[in-house]
Structure formats: C-alpha cells, structure tokens
Amino acid sequence: MLKFSHAIVRTPSQSMLEGITTGMFSKEQPVYEDALVQHANYVKALEELGVKVTALEPLEEYPDSCFVEDPAVVMAEFAIVTDSPKESRNGEKYEMKKVLKDFYKEDQIFYIEAPGTMEGGDVMLVDKHFYVGLSDRTNQEGAKQFDQIVRQFGYTSSTVSVTEGLHLKDFVIYLENNNMLVSPVMNKVEDFQKYKRYVVEAEELYAINSLYINGTVLVPEGHPKTQAHIESLGYPVKVVNTDEFKKIDGSLTCLSLRF
Ligand code: CIR
C-alpha cells in the first residue's frame with residue numbers, strides 16, 4: 001500500500017489572482033488572504049496524516065506555482081521534472097529542479113524535454129502502473145519519454161485521452177484498494193473497467209480530485225454525495241476547503257508533491 005512520508009508544497013503568491021483558468025469551476029478571482037488560510041489548513045491536514053511537509057516560499061513571477069504537482073512527478077526512487085507547454089508555467093521547472101536536489105541524488109532526477117510536454121496533473125499511479133493523460137498540457141512525446149524513464153525502475157505506463165478539460169486527475173482518481181472516482185466519460189475507458197468505479201455526478205465533478213494519504217482520503221468541502229460514497233467504502237475522510245484554488249482550476253492533488 002502506498003505510504004507517504006514527505007510532501008512538498010509552495011505557499012501561493014499574490015500573483016495567483018492572475019493564474020490560468022478555464023472557468024471550468026468558477027468565473028471568480030481568488031481572494032488571496034483566504035487562499036493562504038486554506039493552504040495552511042491543507043498543510044495541517046497532511047501533517048496530521050503523518051507527512052513531513054516542506055513548504056517553499058511563494059514565487060510572484062509564477063502565478064500558478066502553488067500547484068507544485070505539475071512541474072514534477074516524484075516517487076521514492078526517482079523524480080521527473082516535467083515540461084509545461086504553458087509559457088507562464090514553464091519556468092517553474094527550474095525552481096523545482098533546485099528543490100528536488102535536496103531530496104534526490106543527481107542520477108535519480110530525470111527530465112521531460114522538448115518537444116515533449118507534460119504536467120504532473122496528467123499522471124496517475126495505480127500500483128506499479130502509471131496512466132498518463134494526453135491533454136493540452138501533456139503530449140505523446142512527453143508520455144513516451146516518461147515511459148522510458150519509469151521502465152528503468154520497474155514501472156509501466158499507458159496513455160488515456162483527456163477530452164473534458166485540464167488534467168487527467170480532474171476526471172479520474174485512484175483511491176487505492178481497487179477504488180476509483182470517475183467522470184461519466186472516464187467510466188467508459190476500457191483500461192479502467194477492472195477497477196471498482198464510482199461515477200461522480202456533474203455538480204460534484206471537482207470532488208473527483210480527492211486525495212488518498214496513508215489510508216485517509218482528503219475530500220474538498222461541499223461535495224456531500226461523493227464524501228458519503230468514500231466513507232461508505234470504509235475510508236476515514238478529512239474535509240478540506242480549497243475553494244480559492246478551485247477558482248483557477250486547482251484541486252487537492254495539485255497542491256502537493258507526495259513521496
Ligand atoms: C493551471 O491552469 O495550470 C492552474 N491554474 C491549475 C493547475 C492545476 N493543477 C493540477 O490539477 N495538477
């Protein structure tokens with residue numbers, strides 16, 4: 001069973017008001033002070049689940065830099081620095097590389113390189129297999145380079161088309177123990193038929209991106225049906241409010257790198 005001892009987060013910058021958004025979840029701008037409080041509570045929730053959290057300083061030049069899940073994919077054995085096709089996010093990889101050097105040896109750090117593109121929100125691990133979403137942020141070449149890296153460590157990967165919005169993990173998430181939360185579209189994906197799937201209805205779509213941590217599931221506040229389902233599966237649940245991040249398409253997994 002997946003066990004996390006560490007997490008990396010980055011405190012949001014004031015510039016998050018200019019973060020990229022599809023408007024998929026909200027048309028409003030985040031309120032910075034509220035985002036800081038929500039971020040601190042998210043960190044506290046991780047700590048309460050036995051995770052040692054490294055909190056990085058805000059980066060004003062990168063509005064979306066609190067979404068640390070995107071510039072890297074981290075495992076106990078290796079880390080992959082990704083390559084965002086979004087100009088305002090691409091520079092985050094240089095900052096992330098510096099941070100990862102505190103946790104990994106040089107030969108444990110790998111890179112997705114142009115013309116490959118990737119963001120970590122498109123990468124979902126199930127046991128020793130990665131599902132990689134092909135999206136506006138992650139392309140086939142990025143997925144190919146990723147596959148070559150992870151195979152060296154005994155993992156496999158395959159791709160899934162993301163047709164509904166930003167990242168793969170906005171539409172499907174794995175909660176361990178064979179349990180998945182899915183959108184109606186992801187529910188039909190052939191590769192996912194072997195898992196026990198719960199289809200999250202449209203009005204609770206944001207709650208697909210719940211976060212399994214060491215036996216407990218963090219669920220975003222305000223999604224009672226999905227929460228009740230997760231509880232019925234036997235998981236202890238911790239509810240966290242990430243409404244300010246939701247306004248710029250940010251959900252629970254994207255706020256941390258866990259390993
Ligand atoms: C973006 O569009 O890049 C950010 N505003 C949101 C990133 C969310 N990341 C994630 O779900 N992994």
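A quick note: this is a predicted structure, and the numbers were derived from the prediction, not measured. Just follow the structure's listing: the first ligand is 1, and inside any ligand the first atom is 1.
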For this session: Kindly say whether the aromatic ring centers of Phe4 and His6 come within a distance under 6.0 Å.
Result: no
Exercise. Would you say the ring centroid of Phe259 lies under 6.0 angstrom from that of Phe78?
Worked result: no
Exercise. Where does the angle between the aromatic ring planes of Phe146 and Phe130 fall among parallel (under 30°), tilted (30 to 60°) and perpendicular (over 60°)?
Worked result: perpendicular
For this session: Return the orientation label for the Tyr131 and His129 ring planes: parallel under 30°, perpendicular over 60°, tilted otherwise.
Result: perpendicular
Seminar exercise, completed: When rounded to the nearest 0.5 Å, the distance separating CD of Glu119 from NZ of Lys86 is 9.0 Å
Problem set entry | For ligand 1, the residues whose heavy atoms come within less than 4.0 Å (ordered by chain, then number) | Ile20, Asp64, Phe67, Glu69, Asp70, Arg89, Gly121, Arg137, Leu166, His167, Ile248, Asp249, Cys254
Exercise. Do His223 and Tyr206 have their ring centres less than 6.0 Å from each other?
Worked result: yes
